[in-house]
Amino acid sequence: MKLDYSAIESKWKKIWAETELYKVVEDSTLPKYYVLDMFPYPSGAGLHVGHPLGYVASDIYARHKRMTGFNVLHPMGYDAFGLPAEQYALDTGVHPAKSTSDNIKRYRAQLDNIGFSFDWSRQVRTDDPAYYRWTQWIFLNLFQHYYDNTADKAQPISTLIEHFRKSGSTGINAASSSHPAFTASDWQKMTPAEKESMLMNYRLAYRKTGFVNWCEALGTVLANDEVKDGVSERGGHPVVQKEMMQWALRVTAYAERLLNGMDNIQWSESLKAIQRNWIGRSEGAFIDFKVDSDKVIKVFTTRPDTIFGSTFLVLAKDHELVKSISSSAQKDFIEAYSERSKSRVADNKSGGEKNLDGAWTGAYALHPITNTKIPIWIADYVLSDYGTGAIMAVPSGDERDLAFATHHQLEVVEVIDRSGLEGAGIEDKEGTLINSSFLDGMTVEKAIQHMLTYLDKNNLGTKQIAYKLRDANFSRQRYWGEPFPIFYDADGLVHEMDISSLPHELPDLDDFKPSPDGRSPLARLDAWARPSANKFLETDTMPGYAGSSWYFLRYMDPNNTGEFVSKKAINYWQDVDLYVGGVEHAVGHLMYSRFWHKFLYDLDYVPTQEPFKKLVNQGMIQGVVESLILLKKRHEGKVHFISADLIKSKGLSQDAYSAIPVHIDFVSAYGQPNSHLTTEGIKSFIEWRNEYADAVFESADGTLHTLGDQEGALIETLSEVGKMSKRYHNVVNPDDVIEKYGADCFRMYEMFLGPIEQSKPWDMMGIEGINKFLRKFWSLYYNDQEEWIVDDVEPNKDSYKVLHATIKKTNEDIERFSFNTAISQFMICVNELRKSGEQANKILAPLVQLMAPFAPFIAEEIWQKLGHDESIHKSTFPTHDEKWLVNTSTVYPVCINGKKRSEITLSVDTPKEQIETSAKALPEIQKWLEGQTIKKTIVIPGKMVNIVI
RNA sequence: GCCAGAGUGGCGGAAUUGGUAGACGCGCUGGAUUCAAAAUCCAGUAUUCGCAAGGAUGUGCGGGUUCAAUUCCCGCCUCUGGUACCA
């Protein structure tokens with residue numbers, strides 16, 4: 001029989017589906033293992049070869065776990081709500097519900113083609129009302145809870161209300177937006193609106209007015225992690241700060257636990273570092289500065305030791321005291337500054353230059369220790385939502401303060417002597433205190449501790465921890481998301497929908513375009529948004545990360561209509577043992593999921609504190625992207641493009657060209673590099689940038705391809721070099737590769753490219769090697785005449801040796817996620833067996849099993865031919881037998897001072913001493929040792945004998 | 001700037017706890033087969049001196065520990081990713 005992948009693949013795809021081979025149920029007699037992939041959002045582009053990289057790895061791992069006795073949960077689903085799906089719908093004009101479903105069908109077909117072992121009976125999709133009903137339910141839970149810092153967990157808001165009723169704000173230690181003090185009777189006197197706004201200070205899901213990231217082009221606000229370098233992560237549209245009333249999640253309440261929780265999970269150090277960085281914990285102090293009147297400005301500093309160098313205070317522009325303390329004489333200055341500041345917001349992404357703009361309020365504060373008057377300023381460089389939104393500026397100890405002080409000619413007082421410390425920066429925590437009264441002579445470290453105690457003792461301040469982490473914006477002014485289970489009455493008070501009324505379904509809407517005015521498309525659907533005279537539904541929707549923050553729990557019990565997941569299921573599956581996905585979710589999805597999980601833990605809905613025990617980040621598969629350079633001179637009056645490679649090969653000076661590289665892909669269908677300027681490439685380039693439809697392209701052979709006149713037109717540099725994306729015309733569809741080489745070959749090649757964590761460019765050069773290997777592997781079972789040649793003969797000894805070495809290595813390599821080295825070992829093994837003409841069942845049967853996780857189709861086909869009724873994927877993975885690995889004799893290199901001088905053949909179980917003596921007795925060794933003193937002899941069993949002289 | 005990770009042939013990459021660096025694959029060179037090509041098979045392939053046997057050098061750079069360092073320590077350089085008025 002000839003190796004016919006496509007026949008084998010379609011045969012087994014059908015059988016696996018019919019027999020529900022990969023369906024899994026809870027089984028208390030087996031240990032569980034949960035292998036999870038980050039589910040895709042079904043975009044219109046379909047999967048490219050980069051997507052399945054992680055899926056293939058986790059599939060191999062899941063299959064191996066199954067074959068080694070674990071009950072493996074390995075599900076898949078779709079992140080169907082959110083911006084990408086909606087953006088695609090907008091681009092094509094097709095309703096997101098339809099385009100999402102169409103895309104899902106396409107994804108499913110592509111995934112099935114690759115032969116994954118997902119249990120599709122557990123599929124979830126976030127846009128399914130039966131699913132998002134529980135997303136809404138979790139949201140309501142967040143709304144109904146606050147974070148009690150003393151108990152260090154979430155508590156029902158009713159407990160808080162009870163406390164307010166009895167004792168007001170006294171004794172409350174909870175995560176909150178602000179901490180107004182009030183008594184029990186104050187509470188009783190509050191209006192419902194006042195009570196509501198007070199509780200909003202504490203709720204884990206709350207509404208607030210504040211500056212948010214507004215993206216005009218997308219028509220919605222975005223969370224901090226959805227904004228990169230001042231533009232939206234999706235689409236790269238500009239983002240500005242806009243003041244809006246929005247829902248937010250109090251993720252900051254969990255900052256400390258999110259930080260500490262990472263100590264006990266197996267994530268890469270770099271990923272943990274990214275999360276730590278994002279949380280951004282710093283220890284310092286709140287210090288009170290009295291203003292002339294009885295007002296107090298609380299500042300945050302990590303350097304209380306430098307307080308004697310503090311020569312002015314700076315407030316953020318929207319600090320609550322700005323208005324009340326500003327003197328009328330300064331009003332004009334402040335207003336002028338405020339105007340400048342507003343217009344600047346939009347372009348502050350340009351970065352680089354520090355912004356030194358600011359204005360004096362006209363007011364002074366009293367230095368808490370020296371009681372001198374120091375001026376209070378307002379400046380852009382102080383952020384309102386970090387620390388207290390106010391700082392004590394110490395120009396001698398902080399570069400920004402120094403720059404600001406120099407610019408505005410403010411006083412600078414040196415407080416740290418660094419004379420002995422060459423090259424130390426002004427912010428380094430080194431040196432000795434000077435000009436600092438009772439701190440003089442102390443080291444920085446000591447002075448910090450001393451001040452903390454001093455502040456506390458004298459009631460001037462408290463030790464405090466600040467985080468960079470901000471509460472997460474949770475409102476989107478978009479159509480394609482979960483509606484909030486929230487409505488407002490005529491007074492604007494917030495009401496929860498009844499849990500029994502969930503799901504609160506997203507209505508059908510034909511015109512789902514976002515509007516630039518910040519109103520959600522749902523607001524246009526009056527009949528839905530205003531069901532009765534006094535009832536106004538929340539028209540914003542939840543962000544993309546809502547549904548993805550808990551989907552991994554739903555897989556455990558996907559069809560439960562009474563609970564988000566049953567106790568029985570969650571107690572069996574517990575948590576995700578292995579999570580595989582892209583590092584791009586490091587601060588978004590992974591942070592929110594951990595936050596939600598910890599919240600659900602507090603409510604006793606899940607038994608574990610962390611959702612993902614082990615996490616592996618697969619690298620990105622990149623497309624090959626070529627740089628083009630725009631020629632300065634026009635060619636017969638036309639803009640002239642030439643490839644960077646061509647410039648090099650012609651020895652042309654780049655100076656002749658304006659150095660504006662533009663990255664354009666000219667990769668042909670299978671990702672062959674070096675294709676330079678192909679007609680196809682030019683066509684797709686022009687399609688993309690039709691303003692260059694008339695340019696001139698010079699190809700590698702010197703031919704000029706004519707096009708038009710656009711002189712002087714600048715081409716911006718594309719930053720995402722290497723990414724495989726439609727935009728670069730370098731997307732390779734796995735289906736095409738599979739059609740040519742088969743799914744097994746595709747899987748193995750993706751794994752063979754290199755370590756899973758590494759990013760690497762896709763090139764098809766090496767795939768022939770895998771293809772060749774699979775044919776060789778097949779030829780162990782079928783000879784050239786296409787006859788089955790496996791027999792029950794007794795294998796030769798060397799076959800056992802190589803087989804068992806391969807078994808051992810495969811088990812180890814899969815466990816440590818090193819699939820490329822396992823495949824190398826297969827190649828060695830197959831070559832050896834072919835050389836010796838091995839035909840024995842005893843060798844060839846276990847070999848197929850080794851290959852089963854990697855090449856499930858071919859393995860299954862051969863397994864059946866070997867006479868097994870049950871699927872190979874239900875069989876038990878081979879384990880190695882040490883006895884076949886032990887060599888009967890070993891060649892020891894005999895070295896003198898580490899240099900190999902001879903060899904000696906001995907049995908492995910020869911005693912060390914005897915090896916030593918035999919080695920020294922060798923004539924060529926004796927020659928070397930003549931007249932030398934032997935310092936010692938080192939024998940490494942099985943490896944070498946080293947004589948040190 | 002700060003944090004994290006990584007630098008090994010022409011290329012992708014091996015070397016799991018320090019033990020013969022370059023496994024495996026690609027590419028390249030030569031040969032066999034063929035009328036020829038494709039496919040397949042065999043041999044070679046770090047650099048350098050040498051006809052060869054063999055020698056010397058070699059894992060970003062400079063030091064160190066060790067009989068022995070890609071691996072451990074110290075100091076640099078470069079690249080990648082994250083982050084950036086975070087007080």
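All values reported here derive from a predicted model rather than from experimental measurement.
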Kindly give the atom pairs (protein nitrogen or oxygen, nucleotide nitrogen or oxygen) under 3.5 Å for nucleotides 2-9 of chain B.
{"residue": "B/rA4", "atom": "O2'", "partner": "A/Ser270", "partner atom": "N", "Å": "3.4"}

**Message:** Just to verify, what does A/His804 make a side chain to side chain contact (heavy atoms under 4.5 Å, CB included) with, not counting sequence neighbours?
**Reply:** A/Tyr800, A/Ile807, A/His880, A/Asp881, A/Trp884, A/Leu885
**Message:** Holding to ring-ring contact (aromatic ring centres under 6.0 Å, His included), I want the full list of residues that pass it with A/His408, two or more places apart in sequence or in another chain.
**Reply:** A/Trp377, A/Phe404
**Nearest-Å distance for atom pair CD/C1', residues A/Glu750 and B/rG13** = 16 Å
**Asked** Taking only residues two or more places apart in sequence or in another chain, which ones pass side chain to side chain contact (heavy atoms under 4.5 Å, CB included) with A/Thr879?
**Response** none
Please tabulate the protein-to-nucleotide N/O contacts below 3.5 Å involving nucleotides 24-27 of chain B, giving atom names and distances.
{"residue": "B/rC26", "atom": "OP1", "partner": "A/Lys772", "partner atom": "NZ", "Å": "3.2"}

Measure all distances between protein nitrogen or oxygen atoms and nitrogen or oxygen atoms of nucleotides 69-75 of chain B, and list the pairs falling under 3.5 Å.
none

**Message:** At less than 3.5 Å, do the side-chain atoms of A/Arg470 and the base atoms of B/rC86 form a donor-acceptor pair?
**Reply:** yes
**Asked** For A/Arg834, which residues count as a side chain to side chain donor-acceptor pair (under 3.5 Å) partner, sequence neighbours excluded?
**Response** A/Ser779
**Request:** With P as the reference atom in both, quote the distance from B/rU59 to B/rA4 in angstrom, rounded to an integer.
**Result:** 27 Å
**Prompt:** Between B/rU16, B/rG19, B/rG13, which nucleotide has the shortest distance from any of its atoms to the side chain of A/Asn946?
**Reply:** B/rG19
**Item:** Donor-acceptor side-chain pairing of A/Thr821 and A/Ser824 below 3.5 angstrom
**Value:** no
**Asked** Who passes side chain to side chain contact (heavy atoms under 4.5 Å, CB included) against A/Glu768, sequence neighbours left out?
**Response** A/Tyr741, A/Asn771
**Message:** Side chains of A/Thr806 and A/Gln825: any donor to acceptor distance under 3.5 Å?
**Reply:** yes
**Message:** Just to verify, what does A/Asn617 make a side chain to side chain donor-acceptor pair (under 3.5 Å) with, not counting sequence neighbours?
**Reply:** none
**Fill in**
For A/Phe746, the ring-ring contact (aromatic ring centres under 6.0 Å, His included) test, sequence neighbours excluded, returns none
**Item:** Under-4.0 Å side-chain N/O to phosphate OP1/OP2 contact, A/Ser759 with B/rU80
**Value:** no
**Prompt:** How would you list, by chain and number, every residue that makes a side chain to side chain contact (heavy atoms under 4.5 Å, CB included) with A/Ala822, sequence neighbours excluded?
**Reply:** A/Asp813, A/Phe854
**Request:** Provide the full list of salt bridge (charged side-chain N to carboxylate O under 4.0 Å, His left out) pairs with a residue in residues 300-310 of chain A, sequence neighbours left out, each pair given once.
**Result:** A/Arg303-A/Asp305
**Fill in**
In Watson-Crick or G-U wobble terms, with both distances under 3.5 Å, the base opposite B/rU83 is B/rG1
